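Structure first, then comments.
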2 protein chains.
Amino acid sequence: MARAGLTAERLAEAAAELADAAGFEQVSLSALARRFEVSVPSLYSHVKSTHDLKTRVALLALAELADRGLVALAGRSGRDALTALGNVYRDYARAHPGRYAAARMPLDPATAAASAGLRHTEMIRAILRGYDVPEAEETHAVRVLGATFHGYVSLELAGGFDHSSPSSERSWSRAMDALDALLRHWPDE
Amino acid sequence: MARAGLTAERLAEAAAELADAAGFEQVSLSALARRFEVSVPSLYSHVKSTHDLKTRVALLALAELADRGLVALAGRSGRDALTALGNVYRDYARAHPGRYAAARMPLDPATAAASAGLRHTEMIRAILRGYDVPEAEETHAVRVLGATFHGYVSLELAGGFDHSSPSSERSWSRAMDALDALLRHWPDE
DNA sequence: AGCAAAAACCTAAAGGCTTTAGGAAGGGTA
DNA sequence: TACCCTTCCTAAAGCCTTTAGGTTTTTGCT
C-alpha cells in the first residue's frame, strides 16, 4: 500500500493547522492519523509522544513569530518599531490562535534554550535602542514590554474585551501610545 | 453504605486543590472520584461535565482573587494601591498556580457576566482614581494595567524569567514603578 | 411514625485518546 | 538479487468521559 510520506515536520505543520482551526488542546495524534489516513501507532515513528508533537508546534510558532518580527523591525525605530512588533504578535495571535497558544506552552529548559525564544528577547531589546532606557534597566523594560504585549493579546484572544466599548482596536492603539510614553520617560531607579 | 456527602462546591474546592498541586489540565472527574472514594459516574449528580467542573474552579478562583484584591485596596491609593493589587495577582498565581490558570479559562458570555470578572475591572478602575487619567481614557488604562499584570504573572509562572538575571523580583518591582510612572504621565490622545 | 419522592450513589457499557509490543511491506543500496 | 532500514500495520492495555438505568439513603410531608 502507498505510503503517506510523513515526517515530523509535516506532522507539526498539520498539527499547527489543526490547532488554529480547532484549538491547541484539540491537537492529538488521533486527529492527525485521521487527517493522513494512517493508523495512530504509525505516527510514533515520527514523533515520540503527543507532548513531543505539541512541543514541535510550539517551536514552529516561536520561529514563525520571530521571523515576522525581524521583518517588521527592519528599517524602523522608536515608536514605529514598537507598534510594528506589537502588531506582529497581535496579528499572529488573531490569525493563528492555536499556534499562538502553542508558543505559550511551557518548554523544558533545554528545549527553550534551543528555541527562537531568545530571538524574541533580542527583538524587544532592539526596540529599546530607539529610546534612552539606561542599560541597567534594559532587562526590566524588556520584561515589561513582553508582558504587556503578551498580556494584551492573551486577554483579547480570550474574549476579555469583547462586547464592551471602546473597541479593542482603539485600546490597542492607546496601549502602544502608553508603552511609547513609558519608554520615553522610563522612571529613575 | 455511607455517603460521601458531596456537593458541587466541595468538588470544585477539591478540584482547585488538585489543580494547584498537579496542574489545571490534570483536573478530571476520575481523579476526584478516587479522592472521594466514589465511582466516577456518581459525580455527574453534582456536576454536568468536566467542563462544568473546570468552570466552577474558574469562578472560585475569580471570586477568591476579587476578595483578596478588595482587602488589599482598602485604605490605599496611588502607587500603594497599584502595587497592592499587583501583588495580590502575583502572589495568588504563585501560591495557587492551578487556580490562577483556571481563572484565565475562557468562559462563555453568560457565565463570564455572572462571574467576579466585573469586580476585577472595578478594582483596577478604583486604582485610577488616585491618578489623573482622563475619564475617556479609563477603559484603555484599565486594559493596559490588566494586560501588564496578567502578562507578567503569566510569563513568570511559565518560567520565562528563570535562570536569568536580574531577578524577577526586581523586575516586578520596576514594573510597578513603570506602571506608576505611566499613570502619572498618561499620554495625551 | 410512616411513607413517597428526591437525591446520592451504584454497575454496565460505549467510545475516544495514548502508548507499547511485535510483525509486514516498501525502497534504497551493495 | 538480497539485505536492511524505515514506514506502516494490527493487537492490546490503560486511562478518561459520558449515558443509561437501577438501588439505597435521606428528606420532608402527612
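Note that this is a predicted model, so its numbers are computed, not measured. So that the names make sense, note that chain A is the first sequence line, chain B the second, and so on, each numbered from 1.
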* Asked: Between B:Glu9 (CD) and C:dA8 (P), how many Å, whole number?
  -> 11 Å
* Asked: Think A:Arg10 has a side-chain N or O under 4.0 angstrom from the OP1 or OP2 of D:dT7?
  -> no
* Asked: Does atom CG of A:Asp188 have more than 12 heavy-atom neighbours, drawn from other residues, nucleotides or ligands, at distances under 6.0 Å?
  -> no
In residues 34-43 of chain A, what donor-acceptor pairs under 3.5 Å come from side-chain atoms, sequence neighbours left out?
| unit_1 | atom_1 | unit_2 | atom_2 | d |
| --- | --- | --- | --- | --- |
| A:Ser39 | OG | A:Ser42 | OG | 2.8 |
| A:Ser42 | OG | A:Ser39 | O | 3.4 |

* For D:dC15, does either OP1 or OP2 sit under 4.0 Å from a side-chain N or O belonging to B:Arg34? -> no
Sort me out a list of protein N/O and nucleotides 4-7 of chain C N/O pairs below 3.5 Å, or just none if empty.
none

* Asked: Are B:Ser42 and C:dC10 close enough that a side-chain N or O sits under 4.0 Å from OP1 or OP2?
  -> yes
* Asked: Does any donor atom in the side chain of B:Ser154 or B:Tyr100 lie under 3.5 Å from an acceptor atom in the other side chain?
  -> no
* Where A:Ala15 and A:Val27 come nearest, the two heavy atoms and their spacing -> O-CG2, 3.6 Å
* Answer yes or no: does atom CG of B:Asp132 have more than 12 heavy-atom neighbours from other residues, nucleotides or ligands under 6.0 Å? => no
Distances for protein N or O near nucleotides 17-20 of chain D N or O, under 3.5 Å:
| unit_1 | atom_1 | unit_2 | atom_2 | d |
| --- | --- | --- | --- | --- |
| D:dT17 | OP1 | B:Leu29 | N | 3.1 |
| D:dT17 | OP1 | B:Thr50 | OG1 | 3.4 |
| D:dT17 | OP2 | B:Ser30 | N | 2.9 |
| D:dT17 | OP2 | B:Ser30 | OG | 3.0 |
| D:dT18 | OP2 | B:Tyr44 | OH | 2.8 |
| D:dT18 | OP2 | B:Thr50 | N | 2.9 |
| D:dT18 | OP2 | B:Thr50 | OG1 | 3.2 |
| D:dT18 | O5' | B:Tyr44 | OH | 3.3 |

* Asked: Taking CG from B:Leu53 and C1' from D:dC16, how many angstroms apart are they, rounded to a whole number?
  -> 14 Å
* Kindly calculate the angle separating the two end axes of the helix from C:dA1-D:dT30 to C:dA30-D:dT1, each obtained from five base pairs, and round it to 10 degrees. => 0°
* Structure fact -> Rounded to whole Å, CG of A:Leu32 lies from C1' of C:dT18 at a distance of 13 Å
* So, do A:Val144 and A:Leu182 sit near enough that their side-chain heavy atoms are less than 4.5 Å apart? -> yes
* Asked: Taking CG from B:Leu43 and P from C:dT11, how many angstroms apart are they, rounded to a whole number?
  -> 13 Å
* Length of the CG-P vector between B:Leu6 and D:dT25, whole Å -> 16 Å
* Kindly state each residue pair satisfying salt bridge (charged side-chain N to carboxylate O under 4.0 Å, His left out) with at least one member in residues 165-177 of chain B, sequence neighbours excluded. => A:Glu137-B:Arg174, A:Glu189-B:Arg170, B:Arg79-B:Asp177, B:Arg90-B:Glu169, B:Arg94-B:Glu169, B:Arg174-B:Asp177
* Asked: Are B:Leu70 and B:Leu60 joined in one hydrophobic group, where the rule is that I, L, V, M, F, W and Y side chains link up if heavy atoms are under 4.5 Å apart?
  -> no
* Are any side-chain N or O atoms of A:Asp180 and backbone N or O atoms of A:Met176, one a donor and one an acceptor, separated by less than 3.5 Å? -> no
* OP1, OP2 of C:dC10 versus side-chain N and O of B:Ser39: anything below 4.0 Å? -> yes
* Please report the C-alpha distance between B:Glu25 and B:Lys54 in whole Å, then the side-chain angles of each, then the deciding distance to 0.1 Å, and finally whether the salt bridge (charged side-chain N to carboxylate O under 4.0 Å, His left out) criterion is met. => CA-CA 9 Å; B:Glu25 20 358 286; B:Lys54 290 185 170 178; over 6 Å; no
* **ring-ring contact (aromatic ring centres under 6.0 Å, His included) partners of B:Phe149, counting only residues at least two apart** => B:Tyr89
